[in-house]
Amino acid sequence: MRELAQLHINDKIQHSAAYAALAFLPALQEKKFRRLMYAALGLVILGVLLESGQLLSVDRFFEIDDMIAHAAGICIGMAFELPMRGLTN
């Protein structure tokens, strides 16, 4: 964690990049759009649950902005992969 702090990159960018990478992975394998949307929804739920879990931690902070960054990252990750594939319903 100290190494990430030394990079001086906004934490919202880090959140978005991590979720973009996670969203990109299912799109590499799956061709059906509906299943990709289920994967995206699962990632949104994961982000909300992980962020909500920080309410139980003493040294972590719950931030709605982080959830927005997660959702943006998911959209970015899928946007990079979806045009590269011929998707079906």
Review point. I64, V48: one ILVMFWY side-chain cluster at the under-4.5 Å cut-off?
Key: yes
Review point. So how far is it from E51 CD to H70 NE2, rounded to the nearest 0.5 Å?
Key: 5.5 Å
Exercise for review: Determine whether more than 12 heavy atoms belonging to other residues, nucleotides or ligands lie under 6.0 Å from atom CG of L55.
Suggested key: yes
Review point. Does K32 reach the side chain of L36, with side-chain heavy atoms less than 4.5 Å apart?
Key: no
Exercise for review: Following the transitive rule for hydrophobic clusters with a side-chain heavy-atom cut-off under 4.5 Å over Ile, Leu, Val, Met, Phe, Trp and Tyr, establish whether L41 and M67 coincide in one cluster.
Suggested key: no
**Study point:** Derivation of the side-chain contact (heavy atoms from CB on, under 4.5 Å) call for D66 and D11
**Key:** CA-CA 8 Å; D66 284 349; D11 74 318; 3.8 Å; yes
Check your understanding: Any side-chain heavy atom of Y19 sitting closer than 4.5 Å to one from I76?
Key -> no
Practice item. Give a yes or no on whether a salt bridge exists between K12 and D65, defined as a side-chain N under 4.0 angstrom from a carboxylate O. Key: no
Practice item. Please indicate whether Y38 has more than 12 foreign heavy atoms, meaning atoms of other residues, nucleotides or ligands, lying under 6.0 Å from its OH. Key: no
**Study point:** Chi angles and distances behind the side-chain contact (heavy atoms from CB on, under 4.5 Å) call for E63, Q54
**Key:** CA-CA 9 Å; E63 293 184 45; Q54 291 183 20; over 6 Å; no
Revision key, fill the gap. dist L50:CG -> I45:CD1 (nearest 0.5 Å) comes out at 12.0 Å
Practice item. Work out which heavy atom in A69 is nearest to a heavy atom in S16; give both atom names and the distance. Key: O-OG, 3.0 Å
Review point. Rounded to the nearest 0.5 Å, how far apart are CG of L43 and CG of L22?
Key: 5.5 Å
